[in-house]
Amino acid sequence: MQTSNFRPKFFTSIRHYNKSLFVSDLMAGAIVGIVALPLAIAFAIASGVSPEKGIITAVIAGFIISFLGGSKVQIGGPTGAFIVIVYGIVQEYGFHGLAIATFMAGVLLILMGVFRLGTVIKFIPYPIIVGFTAGIAMTIFTTQMADVLGLDLASEEVPGDFIGKWMVYIRHMDSINGWNVLTSLLSIGIILLTPRLLRKIPGSLMAILIVTLVVWVLGNYCGITGIDTIGTRFTLVSSLPEVVIPSIDWKAIQELFPIAVTIAILGAIESLLSAQVADGLIGDRHHSNTELIALGVANMCTPLFGGIPATGAIARTMTNINNGGHTPVAGIVHSVVLLLILLLLMPLAQYIPMACLAGVLVVVSYNMSGWRSFRELLKGSKSDVAVLLITFFLTVIFDLTIAIEMGLLIACVSFIGRVMKTTEISVIKDEIKPCEETDLYMDSEETIAVPDGVEVYEINGPYFFGIATQFEEVMAELGDKPLVRIIRMRRVPFIDSTGVNNLSSLCRMSHKEGIRIVLSGVNENVHATLHNSGFYSLLNEENICPHINAALKRAQNIINSEHYCPVKVDK
């Protein structure tokens with residue numbers, strides 16, 4: 001691993017660390033830890049695992065991402081984006097399968113960082129990010145409807161897919177529990193009102209404290225016992241579990257590898273986006289490859305302790321910044337606070353109502369949906385709208401893996417189509433005007449005549465597989481057989497292997513027909529590609545000209561030559 005790939009911000013930040021920074025980081029870390037508590041519990045339950053697994057993930061991943069990460073203020077832990085994936089894996093493969101997929105995703109993330117793919121992740125099209133984020137938000141909202149409405153599902157297993165869930169909900173709509181609905185609405189109301197009244201205290205924490213107390217009073221003094229709590233569904237464990245290394249075989253790798261790729265890509269996107277947003281607020285620059293390596297280590301370690309996938313959390317990172325966090329020490333403090341809560345206060349979590357956590361996640365899904373960005377993108381180009389909607393609906397109806405794959409495929413095809421439109425091939429038979437040229441060396445402004453028997457083909461744009469056959473189409477339309485074809489490539493920024501192969505075939509075909517090929521204005525990048533591919537073995541060195549003047553002169557010499565004959569090239 002090269003040193004430039006791995007530069008944790010922790011070690012550079014503590015070089016000039018002082019008491020003032022520590023006090024600031026301590027306060028910020030403590031507040032973020034308290035904010036992370038209800039979210040970690042809610043994300044774990046919604047993902048189909050026990051509550052303490054969310055806290056364990058926040059403790060371990062939060063510490064590693066802060067200690068080894070490439071951002072000063074990034075806070076790591078479980079996030080809402082993983083709920084859909086984790087729930088599906090647990091339903092199909094069990095927690096053992098989740099542990100293997102998470103571990104494999106960690107390995108992939110480390111490799112992404114080692115091979116410097118941190119910047120590549122940033123180039124994923126914006127409509128794809130908005131589409132699958134909105135799709136995840138819709139899915140999270142759907143998963144919470146049973147608890148929001150207090151539905152009695154009569155032990156019927158809820159399927160993992162969107163449509164299946166709603167079919168089950170609709171069948172049991174006659175069992176709506178009004179107390180659960182009121183509990184959820186009260187939680188949502190408190191979350192929305194708290195920032196207006198108490199800016200320093202997170203709304204989700206206030207909602208859990210107040211609603212839990214209200215439900216406890218109703219249950220113990222008013223005889224209202226129909227509101228489910230965490231304790232009625234889960235047996236809480238207030239200790240760190242023993243390290244368990246998951247057994248990985250080749251069959252499990254084959255089955256879970258696509259899921260691991262999705263976890264890795266999603267984690268990388270969310271973590272780097274969070275770090276990028278944080279950079280804009282603190283005036284710093286994160287190390288993306290270091291962040292990926294730290295994220296990979298975190299996801300390799302959390303499953304060993306029974307944790308779930310983790311990534312950089314945008315909301316908690318913003319909370320850290322807003323409360324004075326300056327260095328990775330704040331993230332480490334946040335992990336310590338959560339660890340103390342897990343060891344000392346976890347039994348109290350059994351009184352938290354499930355409807356309250358559902359209300360918290362409803363607000364999370366709303367904030368995550370990015371509906372304003374979604375609405376604005378719907379006003380954009382047809383290709384962007386298509387990518388957005390397809391990614392969104394595939395995420396909701398099927399799963400995130402298919403959505404990302406199809407979204408990227410459609411975005412790539414659309415991009416290739418746009419690039420193809422920018423590449424033009426024109427033919428000049430008569431004269432070249434100096435006022436319109438940039439590589440023509442003349443003092444006068446007179447036009448240069450193209451000699452009889454010479455055709456000049458101008459390629460304007462990249463010469464890649466998308467337009468490789470366009471040359472043949474242009475020549476077929478002309479139907480002429482000149483003595484010399486000048487291929488002018490001054491405006492070709494790059495050429496790929498398909499373009500090289502097409503150009504080679506053109507040269508062979510032209511030589512067979514007795515037509516000499518002359519290249520003009522090849523830039524250094526294209527020249528290197530052609531040279532490395534062995535293309536120049538098809539042409540004499542004098543047929544490779546630096547500019548159009550030399551190319552026209554060479555063409556005239558070929559025509560005037562009494563001994564001119566086509567160059568024979570082996571098929």
Side-chain angles (χ1 to χ4, degrees), residues 39 43 46 74 78-88 112 117-144 161-163 261-281 286 288 291-292 295 309 311-318 361-418:
L39 295 176
F43 291 150
Q74 181 87 284
T79 65
F82 283 122
I83 289 177
V84 182
I85 301 175
V86 174
Y87 184 84
M112 289 165 66
L117 298 181
T119 55
V120 175
I121 295 295
K122 299 176 183 178
F123 295 114
I124 291 181
Y126 184 61
I128 292 180
I129 296 175
V130 174
F132 76 63
T133 302
I136 291 171
M138 175 63 75
T139 307
I140 293 173
F141 176 81
T142 299
T143 61
Q144 300 308 302
D161 63 288
F162 176 83
I163 296 176
V261 171
T262 302
I263 293 174
I265 292 176
L266 180 59
I269 292 172
E270 187 169 6
S271 187
L272 295 182
L273 282 177
S274 175
Q276 192 170 8
V277 172
D279 285 349
L281 295 176
H286 72 281
S288 57
E291 191 68 19
L292 290 180
L295 188 60
T311 184
I314 295 177
R316 276 158 276 173
T317 299
M318 294 305 100
L361 287 180
V362 166
V363 176
V364 169
S365 65
Y366 174 81
N367 293 332
M368 185 179 181
S369 67
W371 62 270
R372 293 180 180 85
S373 299
F374 197 100
R375 181 185 62 188
E376 291 301 316
L377 281 174
L378 288 175
K379 302 175 183 177
S381 65
K382 292 182 180 179
S383 59
D384 285 346
V385 172
V387 171
L388 173 70
L389 294 179
I390 289 174
T391 306
F392 172 75
F393 284 113
L394 287 177
T395 301
V396 172
I397 298 175
F398 294 100
D399 61 58
L400 194 60
T401 305
I402 296 175
I404 291 178
E405 290 173 354
M406 290 301 298
L408 284 173
L409 176 61
I410 295 169
C412 289
V413 171
S414 174
F415 174 75
I416 291 171
R418 291 179 182 179

Does the side chain of [Y] come within less than 4.5 Å of [X]'s, by heavy atoms?
X: Phe132; Y: Leu394; result: no
X: Val362; Y: Tyr366; result: no
X: Thr79; Y: Phe82; result: yes

Looking at [X] and [Y], what are the two nearest heavy atoms and their distance?
X: Leu292; Y: Gly118; result: CD1-CA, 3.5 Å
X: Ser369; Y: Ala134; result: O-CB, 3.5 Å
X: Leu295; Y: Ala268; result: CD2-N, 4.0 Å
X: Pro127; Y: Leu377; result: CA-CD1, 3.9 Å
X: Pro78; Y: Arg316; result: O-NH2, 2.5 Å
X: Leu361; Y: Ala46; result: CD1-CB, 3.6 Å

Item checked: Thr391, Leu273, Leu388 screened by side chain to side chain contact (heavy atoms under 4.5 Å, CB included) with Ile129, the one that passes ->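 The single option meeting the side chain to side chain contact (heavy atoms under 4.5 Å, CB included) with Ile129 is Leu273.
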Enter the distance from [X]:[atom1] to [Y]:[atom2] here, rounded to the nearest 0.5 Å.
X: Tyr87; Y: Thr143; atom1: OH; atom2: OG1; answer: 8.5 Å
X: Ile390; Y: Thr395; atom1: CD1; atom2: OG1; answer: 11.5 Å
X: Ser271; Y: Gln74; atom1: OG; atom2: CD; answer: 4.5 Å
X: Asp279; Y: Ser288; atom1: CG; atom2: OG; answer: 10.0 Å
X: Thr142; Y: Ile83; atom1: OG1; atom2: CD1; answer: 11.5 Å
X: Trp371; Y: Met138; atom1: CH2; atom2: CE; answer: 13.5 Å

Notebook entry, point to check: Is there a donor-acceptor pair closer than 3.5 Å between any side-chain N or O of Thr133 and the backbone N or O of Val130?
Noted result: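 Such a contact is absent between Thr133 side chain and Val130 backbone.
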Margin query: What verdict does the side-chain contact (heavy atoms from CB on, under 4.5 Å) test give for Val385 and Lys379, after you've listed the backbone C-alpha separation in whole Å, the side-chain angles of each residue and the deciding distance to 0.1 Å?
Written below: CA-CA 8 Å; Val385 172; Lys379 302 175 183 177; over 6 Å; no
Notebook entry, point to check: Cut-off 3.5 Å, side chains only: do Glu270 and Thr311 have a donor facing an acceptor?
Noted result: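 No - no donor-acceptor pair under 3.5 Å links their side chains.
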Check: With sequence neighbours excluded, what pairs up with Phe374 under the ring pair (Phe, Tyr, Trp, His ring centres under 6.0 Å) test?
Finding: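 With neighbours one apart ignored, the set is Phe392.
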Next item on the list: Before giving the answer on side-chain hydrogen bond (donor to acceptor under 3.5 Å, both in side chains), spell out for Ser373 and Tyr126 the whole-Å C-alpha distance, their side-chain angles and the decisive distance to 0.1 Å.
Entry: CA-CA 10 Å; Ser373 299; Tyr126 184 61; 3.3 Å; yes
Next item on the list: Step through the shown structure and confirm whether more than 12 heavy atoms of other residues, nucleotides or ligands are within 6.0 Å of CE on Met368.
Entry: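 Result for CE/Met368: enclosed.
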